[in-house]
J.: 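Okay, handing you the structure first.
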Amino acid sequence: MGVFLLSSPAFLVFFSFFTFCLLVDPVFGITRHYKFDVKLHNVTRLCHTRSIVSVNGQFPGPRIVAREGDQLLIKVVNHVPNNVSIHWHGIRQLRSGWADGPAYVTQCPIQTGQSYVYNFTIIGQRGTLFWHAHISWLRATLYGPIIILPKRGIPYPFSKPYKEVPIVFGEWFNADPEAVISQALQTGGGPNVSDAYTINGLPGPLYNCSAKDTFKLKVKPGKTYLLRLVNAALNDELFFSMANHTLTVVDVDAVYVKPFKTETLLITPGQTTNVILKTKPSYPNATFFMTARPYVTGQGTFDNSTVAGILAYESPPNSLHSSIMLPLFKPILPALNDTSFATKFGNKLRSLASAQYPANVPQKVDKHFFFTVGLGTSPCQHNQTCQGPNGTKFAASVNNVSFAMPTSALLQAHFFGQSNGVYTPDFPSTPLTPFNYTGSPPNNTMVSNGTKVVVLPFNTSVELVMQDTSILGAESHPLHLHGFNFFIVGQGFGNFDPNKDPAKFNLIDPVERNTVGVPSGGWVAIRFLADNPGVWFMHCHLEVQTSWGLKMAWIVLDGELPTQKLLPPPADLPKC
């Protein structure tokens with residue numbers, strides 16, 4: 001499988017056409033049309049062939065390439081038996097919540113034989129994001145990168161790279177992931193783990209029968225490459241490193257950061273990281289592994305394997321190197337449970353906070369929220385044997401509310417004033433029963449269930465502290481907020497102390513993201529401005545925990561001005 005480089009001839013032809021369009025309308029960007037045909041096709045990995053749900057017969061799916069300011073019209077046609085919806089992860093969706101994609105939150109899913117046009121404009125964002133299915137576990141194979149280039153004539157705040165390469169991490173299951181989660185929810189136990197991790201859909205030579213399915217990045221000496229990293233894995237945070245090479249982090253979640261060098265990085269599901277790779281000045285007479293494996297903090301089983309790709313230098317002209325077996329160097333990754341590394345890496349991330357790219361951190365707070373996030377249990381049905389703790393079923397919750405997905409879309413219910421029987425606006429702003437969150441767990445680990453939301457007036461400045469709990473064991477939780485970026489103003493271990501910890505918050509240049517890992521046995525504090533009317537999902541990006549209920553929703557009301565109101569729904573919005 002070849003590497004797609006953003007300076008390839010096809011890409012240049014593609015943009016030559018759009019250069020003309022930009023000359024016609026240089027201010028507002030252009031309109032780009034994509035068509036996603038969701039179909040079944042056979043894929044073989046690990047000597048195992050199965051039918052997967054994919055877009056346009058590609059795995060991973062096609063790249064979306066656009067510039068800041070462009071409008072995207074993406075027609076998704078469902079040709080498979082499953083209901084489908086697509087989320088454009090990290091896109092702000094300003095006033096265009098109908099295009100956000102989570103099933104039963106902003107839309108009913110696209111049913112078999114039906115289609116829907118996702119219509120949105122990229123405003124104030126540039127970098128790497130990604131798209132993925134947002135219903136059940138279909139995103140195991142339905143995903144692909146979104147590459148947002150700066151407006152024409154606006155340079156990167158770092159040296160222009162020679163080439164740009166998307167590197168998308170995923171997880172491969174020999175079994176059908178839909179069957180995996182269906183069985184787990186039925187038995188109440190933990191789901192079977194994946195069989196491999198992948199780089200751009202390829203597991204690499206450390207897995208059985210996979211040497212031919214290896215991602216190879218071919219580079220020239222003395223060049224700089226922008227690597228656009230995406231963690232599209234279902235359930236695992238990943239460490240990543242390239243042997244004998246240092247990477248410079250320049251962007252996370254499509255927001256520029258103060259550049260810093262690292263040999264290893266951590267990326268949670270739902271996060272993206274752009275790094276600069278500077279190749280060696282001369283041909284090194286060697287090849288190099290790039291590897292990724294999980295960062296694990298929970299008590300359950302996990303896929304303890306390693307995906308490898310190969311970094312290979314182009315040999316000099318007329319040399320004999322191409323026919324010689326070169327030495328292969330391998331990187332050393334942190335221990336699987338290296339929370340110390342995870343913490344130090346996160347602390348290095350800082351916003352640019354420049355005049356051109358300011359960090360608009362809310363300095364005053366209108367509403368404070370304190371959410372516990374973690375695992376719990378729910379009772380086993382009568383006449384059934386369950387495989388969760390002490391014969392119960394695994395569950396997960398926010399403030400002990402395990403979110404019950406509605407059977408119609410929250411956004412439609414909100415927009416048309418038909419919330420009765422769909423949701424209630426009484427999500428607790430703090431835990432109803434406080435306890436020692438990271439100490440000895442309470443005797444009662446049962447969660448409550450409900451479709452509860454938080455309602456915010458337009459332009460409310462919010463501070464949210466998310467606290468991990470030790471119920472069924474402390475664990476890191478990557479939380480993703482739809483519709484917003486937020487600033488990570490503080491984090492720590494143990495229980496959050498509202499009297500002491502806020503004094504240590506960084507309100508000058510905190511990193512701005514859309515997905516944050518709540519530390520294992522600790523807490524994280526974020527701030528955001530609720531300036532985007534609509535219904536916005538917030539959930540753990542470990543898919544198993546979302547399935548167990550670690551999710552909730554925010555409703556942001558319209559503002560007074562026409563430009564502060566949610567646009568009406570499109571005519572082709574799917575029906576439940």
Side-chain angles (χ1 to χ4, degrees), residues 105 188 365-380 388-390 392-406 410 414 419-457 460 462-475 477 479-481 490-502 516 518-528 530 535-540 545-556:
V105 178
V365 174
D366 297 321
K367 292 204 173 182
H368 293 262
F369 296 89
F370 181 80
F371 289 177
T372 57
V373 294
L375 302 184
T377 57
S378 58
C380 194
N390 301 315
T392 63
K393 286 187 163 191
F394 273 112
S397 67
V398 182
N399 275 354
N400 206 48
V401 178
S402 188
F403 193 82
M405 292 301 288
L410 298 177
H414 161 65
S419 63
N420 282 353
V422 181
Y423 67 83
T424 56
D426 57 348
F427 190 90
S429 59
T430 58
L432 297 180
T433 309
F435 61 98
N436 182 3
Y437 307 112
T438 55
S440 299
N443 293 328
N444 183 7
T445 61
M446 293 290 177
V447 301
S448 64
N449 295 278
T451 310
K452 299 174 184 289
V453 304
V454 171
V455 179
L456 296 171
T460 301
V462 174
E463 181 178 290
L464 167 62
V465 176
M466 291 181 281
Q467 171 76 59
D468 182 35
T469 71
S470 58
I471 299 173
L472 305 186
E475 187 169 357
H477 305 277
L479 263 290
H480 171 52
L481 175 60
Q491 56 186 340
F493 291 101
N495 296 340
F496 174 71
D497 186 336
N499 298 314
K500 295 180 180 177
D501 289 324
V516 60
V518 179
S520 175
W523 56 271
V524 65
I526 66 171
R527 287 188 181 184
F528 66 94
V535 178
W536 305 110
F537 208 25
M538 190 177 84
H539 59 95
C540 184
Q545 297 191 5
T546 298
S547 299
W548 286 338
L550 208 164
K551 49 197 173 186
M552 55 82 66
W554 306 79
I555 291 181
V556 178

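The figures that follow rest on heavy atoms only: side chains count, while hydrogens, waters and symmetry mates do not. Computed from a predicted structure; not experimentally measured.
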J.: Strictly distance-based, threshold 3.5 Å: is any side-chain N or O of Thr451 a donor or acceptor partner for the main-chain N or O of Ala404?
T.: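 Checking the backbone N and O of Ala404 against the side chain of Thr451, a donor-acceptor pair under 3.5 Å is found.
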J.: Write out all pairs satisfying salt bridge (charged side-chain N to carboxylate O under 4.0 Å, His left out) with one or both partners inside residues 366-378, taking only residues at least two apart or from two chains.
T.: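 Applying salt bridge (charged side-chain N to carboxylate O under 4.0 Å, His left out) to every pair that reaches into residues 366-378, excluding sequence neighbours, yields Lys364-Asp366.
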J.: In Å, rounded to the nearest 0.5 Å, how long is the span from OG1 of Thr469 to CG of Asn400?
T.: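 If we round to the nearest 0.5 Å, Thr469:OG1 and Asn400:CG are 9.0 Å apart.
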J.: When rounded to the nearest 0.5 angstrom, what is the spacing between CE in Met466 and CZ in Phe370?
T.: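 Taking CE in Met466 and CZ in Phe370, the distance rounds to 11.0 Å.
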J.: Give me the one residue out of Asp501, Thr438, Asp468 that meets side-chain hydrogen bond (donor to acceptor under 3.5 Å, both in side chains) with Asn495.
T.: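 Of the listed residues Asp501, Thr438, Asp468, the side-chain hydrogen bond (donor to acceptor under 3.5 Å, both in side chains) partner of Asn495 is Thr438.
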J.: What heavy-atom pair brings Gly494 and Gln467 nearest, and what distance separates the two atoms?
T.: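 Taking Gly494 first and Gln467 second, the nearest heavy atoms are O-NE2, 3.1 Å.
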J.: Measuring from atom CG of Leu481 to atom CD1 of Ile526, what distance do you get when rounded to the nearest 0.5 angstrom?
T.: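 So the gap between those two atoms works out to 6.0 Å.
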J.: Supply the atom-to-atom distance Phe394 CZ to Leu472 CG, rounded to the nearest 0.5 angstrom.
T.: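 Taking CZ in Phe394 and CG in Leu472, the distance rounds to 6.0 Å.
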J.: For Trp523 and Phe496, take the angle between the two ring planes, folded into 0 to 90°, and tell me which bin it lands in: parallel under 30, tilted 30 to 60, perpendicular over 60.
T.: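 It falls in the perpendicular class, over 60°.
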J.: Do you know which two heavy atoms are closest between Pro519 and Gln491, and how far apart they sit?
T.: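 Scanning both residues, the minimum pair turns out to be CG-OE1, 3.8 Å.
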J.: Between Leu550 and Val398, is the side chain to side chain contact (heavy atoms under 4.5 Å, CB included) condition met? List the steps.
T.: CA-CA 6 Å; Leu550 208 164; Val398 182; 3.7 Å; yes
J.: For the atom pair OG1 (Thr372) and NE2 (His477), what is the distance rounded to the nearest 0.5 Å?
T.: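 It comes to 9.5 Å.
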J.: Might you point out which heavy atoms bring Asn399 and Thr430 nearest each other, and give the distance in Å?
T.: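 Closest approach of Asn399 to Thr430: ND2-C, 3.4 Å.
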J.: Quick check, are the ring centers of Phe528 and Trp554 under 6.0 angstrom apart?
T.: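 Centroid distance Phe528-Trp554: below 6.0 Å, so yes.
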J.: State, to 0.1 Å, how close Val401 and Gly450 come at their nearest heavy-atom pair, and which atoms those are.
T.: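 Heavy atoms only, the tightest pair is CG1-O, 4.0 Å.
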J.: Does anything in residues 441-452 pair up under salt bridge (charged side-chain N to carboxylate O under 4.0 Å, His left out), and if so which pairs, sequence neighbours excluded?
T.: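 For residues 441-452, and leaving out neighbouring residues, the salt bridge (charged side-chain N to carboxylate O under 4.0 Å, His left out) pairs sorted by first residue read Asp426-Lys452.
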J.: Enter the distance from Ser402:OG to Lys551:NZ here, rounded to the nearest 0.5 Å.
T.: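 Spacing of OG (Ser402) from NZ (Lys551) equals 7.5 Å.
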J.: Mind telling me whether Tyr437 and Phe435 have parallel, tilted or perpendicular rings, with 30° and 60° as the class edges?
T.: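 Correct class here is perpendicular.
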J.: Going by side chain to side chain donor-acceptor pair (under 3.5 Å), name the residues that satisfy it together with Ser520, two or more places apart in sequence or in a different chain.
T.: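 By the side chain to side chain donor-acceptor pair (under 3.5 Å) rule, Ser520 matches no residue at all.
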J.: State which residues pass side chain to side chain contact (heavy atoms under 4.5 Å, CB included) with Ser378; sequence neighbours excluded, sorted by chain then number.
T.: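 For Ser378 the side chain to side chain contact (heavy atoms under 4.5 Å, CB included) partners, ignoring immediate neighbours, are Lys393, Ala395.
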J.: Return the set of residues passing side chain to side chain contact (heavy atoms under 4.5 Å, CB included) with Val365 (not counting sequence neighbours), or none when no residue passes.
T.: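 Once residues adjacent in sequence are excluded, the partners of Val365 under the side chain to side chain contact (heavy atoms under 4.5 Å, CB included) criterion are His368, Glu463, Arg527.
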J.: Could you go step by step and tell me if Leu464 and Met538 meet the side chain to side chain contact (heavy atoms under 4.5 Å, CB included) rule?
T.: CA-CA 12 Å; Leu464 167 62; Met538 190 177 84; 3.9 Å; yes
J.: Which atom names give the shortest non-hydrogen contact between Ala553 and Leu410, and what distance separates them?
T.: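 For Ala553 versus Leu410, the nearest heavy atoms are CB-CD1, 4.1 Å.
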J.: Between Leu456 and Trp536, is a side chain to side chain contact (heavy atoms under 4.5 Å, CB included) present by the stated rule, with each step listed?
T.: CA-CA 11 Å; Leu456 296 171; Trp536 305 110; over 6 Å; no
J.: Tell me whether the centres of the aromatic rings in Phe403 and Phe427 are closer together than 6.0 Å.
T.: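 So the answer is no for these two rings.
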J.: Applying side chain to side chain donor-acceptor pair (under 3.5 Å), name anything that partners Thr377, two or more places apart in sequence or on another chain.
T.: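 Thr377 satisfies side chain to side chain donor-acceptor pair (under 3.5 Å) with Thr445 only.
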J.: Are any of the side-chain heavy atoms of Tyr423 and Ile555 separated by less than 4.5 Å?
T.: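 A side-chain contact exists here, since the closest heavy-atom pair is under 4.5 Å.
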J.: Might you point out which heavy atoms bring Val447 and Gly376 nearest each other, and give the distance in Å?
T.: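 Of all heavy-atom pairs spanning Val447 and Gly376, the closest is CG1-CA, 4.0 Å.
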